[in-house]
Amino acid sequence: MLSGSQLFSIVCVVSALFYHGAFAQTLDPFTLGAFTETATFSVANQLGFFLDQDLNVTFFVVPNSTFAYSTLLDGGFDLVIGTADNPVNLRFNSNDSLSIVGQLDLGPDIVISGIPNIASILDLKGKALMVDSPVSGYAFILRDVLSLHGLQFGTDYTFQVIGSIPSRFEALNNGSLPDGTPVFATILTYPFTVQAAALSPPLPILARISDFIAPFFSSSLAIRTASTNSSASTPLVRTVAALLAANRFLADPTNQACATAAIAAELGVPPAQAAAEYASATDPVSGEVSQTDFEVGRQALLNVISVRMLSAGFSGAGPSFDFADAIVPGDGALIDYRVRDAALGILKTKSSADGCPLISGIA
Ligand SMILES: *[C@@H]1O[C@H](CO)[C@@H](O)[C@H](O)[C@H]1NC(C)=O
Ligand SMILES: *[C@@H]1O[C@H](CO)[C@@H](O)[C@H](O)[C@H]1NC(C)=O
Ligand SMILES: *[C@@H]1O[C@H](CO)[C@@H](O)[C@H](O)[C@H]1NC(C)=O
Ligand SMILES: *[C@@H]1O[C@H](CO)[C@@H](O)[C@H](O)[C@H]1NC(C)=O
Ligand SMILES: *[C@@H]1O[C@H](CO)[C@@H](O)[C@H](O)[C@H]1NC(C)=O
């Protein structure tokens, strides 16, 4: 899977060079790890926002959060897009040196979805639920929402540790693991929530997380704290600038048709499904367009902390840890805006009024 994604990214860049007719262009390599291709990433990749910043971005689909963030800390990834609970956990429990550059979304279409014969949350009693890690953000969300329905972890249900959302979606679709073990339900997000609804029969949505926890800070842009500096021309700053410009493009309704075409091309889905993905990505309550210039929502971050706290997820931080102080943005802190601010200084925006040339040439 890793080499496949890498190959895909290389193909994009080479065809982009044809389009721009600039074979002499020198591109800086940049390595991005993420669980899924967000709509903002699809727009950035398909519409040449990375190329505008002279970047050759290699996109790695990460298999699980442990791998994603240990690789980031080891220098294997330059940036990881993943749920904010991971940096919160690693920073506050383990004092790991990573920082959040900004907030991408508000919990992208996060739902609890089940196999077709599971009709409600209460049907999950006595079942095992699929998770990435039993001690990470989405497992804590599951525990919170199930406890609001009177179901307690350990007593009423257990966890199956499976991995990231693409593998959980596939297992849910199959109804079992490769060894025949039955599966029942899991958390899904963009773009899989729409894909689950498009199946025949559709996979039922048992609960929508934004009905229980909102605002919620899901996807964060995370980096090693050491790479947070004010040099305006680093590949990191330029990558964030490309993502910021792509995010503004996505948020502008006049670009709807072009953004939808970019999503269709990047995800390889038919137009009707891409339209539903666009609607999901631009939903003001859960999508990717409400955090202007990736500003972190304080209440959204506090909800991440509170949900982890409900599952006793701060044993490393200890009972006297000052969360209110620790979430104040600052140089070297959990929230460090220096890269974001430098990126805003070199933004190269565009509009579909100037055309919609997709790099992949599809759609
Ligand atoms: C982009 O990066 C990949 C992987 O690091 C590399 O193999 C490829 O040659 C690069 N392409 C360009 C056009 O720089
Ligand atoms: C995470 O992925 C890595 C790399 O594929 C794998 O070695 C590891 O066992 C996985 N960890 C979990 C908890 O699934
Ligand atoms: C956390 O790490 C920083 C350096 O990254 C260090 O200065 C500080 O003392 C550490 N705090 C604890 C409690 O270990
Ligand atoms: C799902 O089923 C397909 C075909 O039967 C199989 O190739 C694949 O490995 C299965 N995936 C999972 C995650 O069980
Ligand atoms: C700034 O960050 C880049 C990596 O993004 C690093 O190469 C450079 O040494 C850093 N500069 C300073 C002054 O820390």
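We count ligands from 1, going down the list as the structure has it; atoms in each ligand are counted the same way.
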- Message: Any nitrogen or oxygen of D132 lying under 3.5 Å from a nitrogen or oxygen in ligand 2? Just yes or no.
- Response: no
Which pairs of nitrogen or oxygen atoms, taken one from ligand 4 and one from the protein, are under 3.5 angstrom apart?
residue, atom, partner, partner atom, Å
ligand 4, 2 (O), N174, OD1, 3.1
ligand 4, 2 (O), N174, ND2, 2.3
ligand 4, 11 (N), E170, OE2, 2.7
ligand 4, 11 (N), N174, ND2, 2.9
ligand 4, 14 (O), N174, ND2, 3.2

Validation: residues 146-163 side-chain donor-acceptor distances under 3.5 Å, sequence neighbours left out:
residue, atom, partner, partner atom, Å
S147, OG, R143, O, 3.2
S147, OG, D144, O, 2.8
H149, ND1, V145, O, 2.9
D156, OD1, K125, NZ, 3.3
D156, OD2, Q152, N, 2.7
Q160, NE2, P182, O, 3.3

- Task: Using a strict 4.0 Å cut-off to heavy atoms of F67, name the atoms of ligand 2 that fall inside it.
- Result: 2 (O), 4 (C)
- Item | Over-ring placement of K348 relative to F49, 6.0 Å and 45° cut-offs | no
- Note on the structure: Per-atom filter on ligand 2: closer than 4.0 angstrom to a heavy atom of P63 are 2 (O), 4 (C), 5 (O)
Under 3.5 Å, side-chain donor or acceptor atoms of residues 60-76 against the rest of the protein: list the pairs with distances, not counting sequence neighbours.
residue, atom, partner, partner atom, Å
N64, OD1, T66, N, 3.4
N64, OD1, F67, N, 2.8
S65, OG, D132, OD2, 3.4
S70, OG, T66, O, 2.9
S70, OG, F67, O, 3.4
T71, OG1, F67, O, 2.7

- Task: For S97, counting its heavy atoms only, list the atoms of ligand 3 lying under 4.0 Å from any of them.
- Result: 5 (O)
- Are side-chain N/O atoms of S99 and T225 paired as donor and acceptor at under 3.5 Å? yes
- Do D54 and R238 meet the salt-bridge criterion of a basic N to acidic O distance under 4.0 Å? no
- Query: Passes side chain to side chain donor-acceptor pair (under 3.5 Å), D85 versus T83? Steps please.
  - Reply: CA-CA 5 Å; D85 177 73; T83 185; over 6 Å; no
For residues 204-213, please give each side-chain donor-acceptor pair under 3.5 Å, one per line with the distance, not counting sequence neighbours.
residue, atom, partner, partner atom, Å
R208, NH1, D109, OD1, 2.7

- Message: Ignoring hydrogens and geometry beyond distance, is a side-chain donor-acceptor pair present between S352 and N255 at under 3.5 Å?
- Response: yes
